[in-house]
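Because the structure is predicted, anything quoted here is derived from the model rather than measured. Just the heavy atoms: all of them, side chains too, but no hydrogens, waters or symmetry mates, feed the values below.
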Amino acid sequence: GVWRQTKALLFKNCLIKCRTKKSSVQEVLFPLFFLFWLILMSMMHPHRKYGEVASTNLGTLDTSMLVNFVIGYTPPTRTAREIMKKVAFDNFEDGIITEEYLSEEELQEASAFKPSNFVGVVFNDAMSYQLRFPDSVAMSSIYTESR
C-alpha cells in the first residue's frame with residue numbers, strides 16, 4: 001500500500017543523494033553562503049537610528065514661493081473636494097489654486113503642461129492619497145540615501 005510506496009520513494013531519494021554527493025553538499029552550502037553574505041551586507045550598512053527632536057517654533061511660512069501654485073487632484077469626490085478646500089483656504093490667506101480632474105491620466109497630462117508649479121494628488125480612498133510631482137522636482141537627500 002501507501003506505506004510501502006512511501007518507503008520505496010524515501011529509499012530511492014536517499015540513494016540519489018548518496019550517489020550525487022557534490023550536488024547534495026551544494027544544496028546545503030549555497031543557502032548558508034547567501035545567508036552569510038546577507039548578514040555581512042547588513043553589517044556593512046547598518047540602519048541609522050535618529051533621536052527625538054524637540055518641538056520648536058519654525059516661524060511663519062514664506063508664502064511668496066506659493067504664488068501661482070496649482071494642486072490638481074483626482075477623483076473629484078465630495079471628500080476630496082472638502083480636503084482640498086481646507087488645504088487651499090484654511091492654511092493660506094491668498095489660497096492655493098486647486099483643480100479637479102476626472103481621471104489620473106488627465107492629471108498627468110495637466111502636469112506635463114505646468115511642470116514648474118504643479119503637484120498632483122491622487123486620492124485612493126477617504127483615508128489615503130499619493131502625491132505626483134513633476135520630474136523636475138529634486139528628491140531630498142535624506143530619503144535618497146536610505147533607499
Assess the residue pair Glu82 and Lys86 against the criterion (salt bridge (Lys or Arg N to Asp or Glu O under 4.0 Å)); give the C-alpha distance rounded to whole Å, side-chain angles, the decisive distance to 0.1 Å, and a yes or no.
CA-CA 6 Å; Glu82 290 175 10; Lys86 280 187 180 252; over 6 Å; no
Which pair of heavy atoms, one from [X] and one from [Y], lies closest together, and at what distance?
X      : Y      : result
Leu107 : Tyr73  : CD1-N, 3.9 Å
Ala110 : Tyr101 : CB-OH, 3.2 Å
Arg81  : Pro76  : NH2-O, 3.2 Å
Ala80  : Pro75  : CB-O, 3.6 Å
Val70  : Glu99  : CG1-CD, 3.7 Å

Between Asp125 and Ser128, does a side chain to side chain contact (heavy atoms under 4.5 Å, CB included) hold up when you go through it step by step?
CA-CA 6 Å; Asp125 52 38; Ser128 65; 3.0 Å; yes
Out of curiosity, [X] [atom1] to [Y] [atom2], how far, rounded to the nearest 0.5 Å?
X      : Y      : atom1 : atom2 : answer
Ser103 : Glu109 : OG    : CD    : 7.5 Å
Asn13  : Leu9   : CG    : CG    : 5.0 Å
Lys85  : Ile83  : NZ    : CD1   : 13.0 Å
Leu35  : Leu40  : CG    : CG    : 11.5 Å

Any link between [X] and [Y] through a network of hydrophobic side chains (Ile, Leu, Val, Met, Phe, Trp, Tyr) touching at under 4.5 Å?
X     : Y      : result
Phe33 : Met41  : no
Met84 : Leu102 : no
Leu38 : Phe30  : no
Phe36 : Leu29  : no

Considering residues, nucleotides and ligands other than Phe123, do more than 12 of their heavy atoms fall under 6.0 Å from its CZ?
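Correct, the count exceeds 12.
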Just jot down the side-chain hydrogen bond (donor to acceptor under 3.5 Å, both in side chains) partners of Gln130, sequence neighbours excluded, or say none.
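If we apply the side-chain hydrogen bond (donor to acceptor under 3.5 Å, both in side chains) test to Gln130, skipping adjacent residues, the hits are Arg132.
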